[in-house]
Amino acid sequence: MKRRSLLLGAGALMLSGCDRWARSASGQCSLKTGERLNQKTQRDLARQALAPEYQEKDISRDFRANGSTNPSAAEYVALRDNGFADYRLLIEGLVERPLSLSLADLRRRPPRTQITRHDCVEGWSSIGKWKGARLSALLDEARLKPEARYIVFHCFDALNQREDGERYYTSIDIPEAYHEQTILAYDMNDAVLTVPHGAPLRLRLERQLGYKMAKYIKRIEAVESFAQIGAGKGGYWEDRGYEWYAGI
Ligand SMILES: Nc1nc2c(c(=O)[nH]1)N[C@H]1C(S)=C(S)[C@@H](COP(=O)(O)O)O[C@H]1N2
Ligand SMILES: [Mo]
């Protein structure tokens with residue numbers, strides 16, 4: 001029943017001719033209207049169920065750090081050695097208004113705090129408290145274009161620590177990006193995010209495995225397809241055989 005009404009809702013919008021698909025076929029709606037409706041539709045259809053949240057007392061004393069824990073890329077080291085004062089998060093690609101945000105800018109955006117369990121595909125879990133800017137608000141600010149289907153996170157680190165090594169990256173779809181618990185975290189356990197855990201900024205989304213949660217985020221890119229990025233599977237580990245959707 002629920003699914004049926006969702007489908008009917010999408011159908012009704014399609015008949016109005018202003019959603020992304022109908023618009024590209026008829027070319028009738030103005031970009032602004034089409035974009036607003038498109039984003040609203042995507043939010044409405046988002047998989048909204050929340051991952052479990054925990055209490056302060058549940059926080060792990062020793063939250064493991066995994067994968068890259070101390071990037072050696074020159075660009076990263078220079079930023080780190082200056083306390084990330086010169087760090088700018090870039091939000092670009094299929095957006096009307098590309099953004100370049102300092103950490104202070106990010107701290108002025110709507111925050112969310114959540115205590116959640118992190119599950120790594122390697123078989124360990126830790127509970128931590130995360131605070132960060134809601135990705136949905138940032139994407140609204142940058143104004144996603146109607147053709148945007150995925151959000152790609154490009155990171156500073158190469159897992160082999162070589163300057164020419166392939167940089168870590170991963171991607172999520174628009175509903176995941178708009179989920180309430182999807183944040184760009186700058187604090188962990190009430191302290192500024194440390195280098196081992198992804199300073200200055202790392203992704204938290206709480207219904208997928210750890211490898212989707214990009215640490216050391218340099219740049220966020222809205223794309224229609226990730227076929228041309230890396231080996232085309234949507235992420236560093238995805239290119240090496242891991243599932244693109246790593247639902248827990
Ligand atoms: N940039 C970057 N992000 C990354 C990784 C990485 O190596 N580089 N490892 C991933 C994996 S496999 C896990 S389990 C988590 C680990 O996060 P943590 O170090 O805070 O525990 O980060 C994920 N994000
Ligand atoms: Mo992991």
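Counting starts at 1 for both ligands and their atoms, in listed order.
A distance limit of 4.0 angstrom between heavy atoms and ligand 1 selects the residues Phe63, Arg64, Ala65, Asn66, Gly67, Ser68, His118, Cys120, Trp124, Cys155, Asp157, Leu159, Tyr168, Pro196, His197, Arg202, Gly210, Tyr211, Met213, Ala214, Lys215, Tyr216.
Applying the ring pair (Phe, Tyr, Trp, His ring centres under 6.0 Å) test to Tyr87 and every residue at least two apart in sequence or in another chain returns nothing.
For the pair Ser60 (side chain) and Ile127 (backbone), a donor-acceptor distance under 3.5 Å is present. Remark: side-chain polar atoms of Lys129 are not paired, donor with acceptor, to backbone N or O of Thr116 under 3.5 angstrom. Of the possible polar contacts, none joining the Arg162 side chain to the Ala158 backbone as a donor-acceptor pair under 3.5 Å is found. The backbone N or O of Gly235 lies less than 3.5 Å from a partner atom in the side chain of Tyr169, making a donor-acceptor pair.
Checked for salt-bridge contact, Glu238 and Lys212 meet the test: a charged N lies under 4.0 Å from a carboxylate O.
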